[in-house]
Trainee: 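This is the structure I want to talk about, given as structure tokens.
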Amino acid sequence: METAALIVVLVILLALFFDFTNGFHDTANAMATPIATGALKPRTAVMLAAGLNLVGAFLSTEVSKTISGGIVREDQIHGDLFPALIFAGLIGAITWNMLTWLLGLPSSSSHALFGGLIGATLVGIGMNGIDFGAVLSKVVLPALIAPVTAGLIAFLATKLAYLITRRYDGKPDGRSGFRWGQIFTSSLVALAHGTNDAQKTMGVITLALITVGWQSGAHHEPQLWVIIACACTIALGTYLGGWRIIRTLGKGLTDVKPAQGFAAETSTAATILASSALGFALSTTQVASGSVIGSGLGRRGSAVRWRTAGRIAIGWVLTLPAAAAVGALAALIVVIGGGWGVLIDAILALAVIIGLFLRSRRNAVTANNAFSEVADSARAVEVPEEPPLTPRQARAQRARERAKAREKGAGR
């Protein structure tokens, strides 16, 4: 029992570290567009995101209950083995999370977590340990539907924003008034991010507590101390670790205008909040990316760089199986080595974390090796410097040309 308690403590610490990396991995989801359009200064934006992530973590526990009582069948797993498998799954999630952050590859922290847990459970228990119906309905289908839905909403919202604020001839295209609206909408995205992403770590810790009898299996709600710990950790990660990605956003998001940013953030927040209420464990990065692309397409004259969009999609597809493979390898060490296997996993995980961190300190952050997924999404939308004329502008231009022609005819 003492060994199981020690493993649970290790699981809690590792889960909180994952929560920390989740915070700096997804800071850009809320604050990419307001920084790019000048609505918020970088430091102010990150502080605002951190505070609202903290608040959002207290607003809902539905996603947490999906993790702690939906995907993995804890009743099919022996209590002494289960915490070690969760530990192995977290190693898979963190390894993939930090590797993609270092390389600037598009990834989802949420799917890395799901992949790590699924891979570890499959190795430790087998197919019976996974509720594939819950995986399909709560993870896979939302991953397919949510980005498309968010993109469509952002597309329509952008069209509506430009229709309502249709510019007069010669007026600038930026719709600077939307910058004030972006402060509200980006704050709403940060709040929504806390209601979804922070809940996943709460669910993992709750699942570990249930397996060793420290919490009743009949109640999957996270305890208050779990909520506070996870909320503070993701907020701290959002503030301290977001700069590496935030500094890479300027070039990727230069084509995003305030009206587009407003529409994208509104769509992202609405999609995430609705999904959190239903208990769907979304990838907020995918939702934000879909919204940015949709808002770009909603602006006249824009075009999608399908090669870049394809690279983003490949990153989405690879995340879950890659994290599952690492989680399965870590679980295999546990199954073979028992308690020593957990120790070996802990040493390897610490070495990987330190190694990737030191490597990130040596390498300069550039546009070539550290674009965030949201930044890549903006780069997937090509917007001309001078968008085509609206129908009203075209009619006005033709009228001016006809008037000039009549004046020339009268002068003769």
Trainee: Tell me, please, which residues at least two apart from Ile153 pass side chain to side chain contact (heavy atoms under 4.5 Å, CB included).
Mentor: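 Applying side chain to side chain contact (heavy atoms under 4.5 Å, CB included) to Ile153 gives Thr149, Ser267, Thr271.
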Trainee: Which value, rounded to the nearest 0.5 Å, describes the distance between Leu318 atom CG and His111 atom NE2?
Mentor: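 Spacing of CG (Leu318) from NE2 (His111) equals 13.0 Å.
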Trainee: Can you give me the closest heavy-atom contact between Ala88 and Ala331, atom names plus distance?
Mentor: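 Nearest heavy atoms, Ala88 then Ala331: CB-N, 3.5 Å.
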Trainee: Any chance the side chains of Thr201 and Asp19 put a donor and an acceptor closer than 3.5 Å?
Mentor: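 Side-chain D/A pair, Thr201 to Asp19: present.
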Trainee: Heavy atoms, side chains only, cut-off 4.5 Å: are Val342 and Leu6 in contact?
Mentor: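 No, every pair of side-chain atoms sits at 4.5 Å or beyond.
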Trainee: Please examine the side chains of Thr266 and Val189, heavy atoms only from C-beta on, and report whether any two atoms are closer than 4.5 Å.
Mentor: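 No - every pair of side-chain heavy atoms lies 4.5 Å or more apart.
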Trainee: If we only count heavy atoms from C-beta on, is the Val326 to Trp96 side-chain gap below 4.5 Å?
Mentor: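 When only atoms from C-beta onward are counted, Trp96 and Val326 do not touch, as no gap falls below 4.5 Å.
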Trainee: Can you find a heavy atom in the side chain of Leu348 that is under 4.5 Å from one in the side chain of Ile333?
Mentor: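 The answer is yes, as the side chains (C-beta and beyond) meet within the 4.5 Å cut-off.
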Trainee: Could you tell me whether a side-chain N or O of Thr21 sits under 3.5 Å from a main-chain N or O of Phe18, the two making a donor and an acceptor?
Mentor: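 Indeed, once roles are kept as given, a pair shorter than 3.5 Å links the two residues.
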Trainee: Under 4.5 Å between any side-chain heavy atoms of Phe114 and Val140, yes or no?
Mentor: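 No, side chains not in contact.
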Trainee: When you measure from the side chain of Asn53 to the backbone of Ala49, do you find a donor-acceptor pair of N or O atoms at a distance under 3.5 Å?
Mentor: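 Checked: pair present.
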Trainee: Name the residue from Ile354, Leu356, Leu350 that meets the side-chain contact (heavy atoms from CB on, under 4.5 Å) definition with Val352.
Mentor: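 The option that passes is Leu356.
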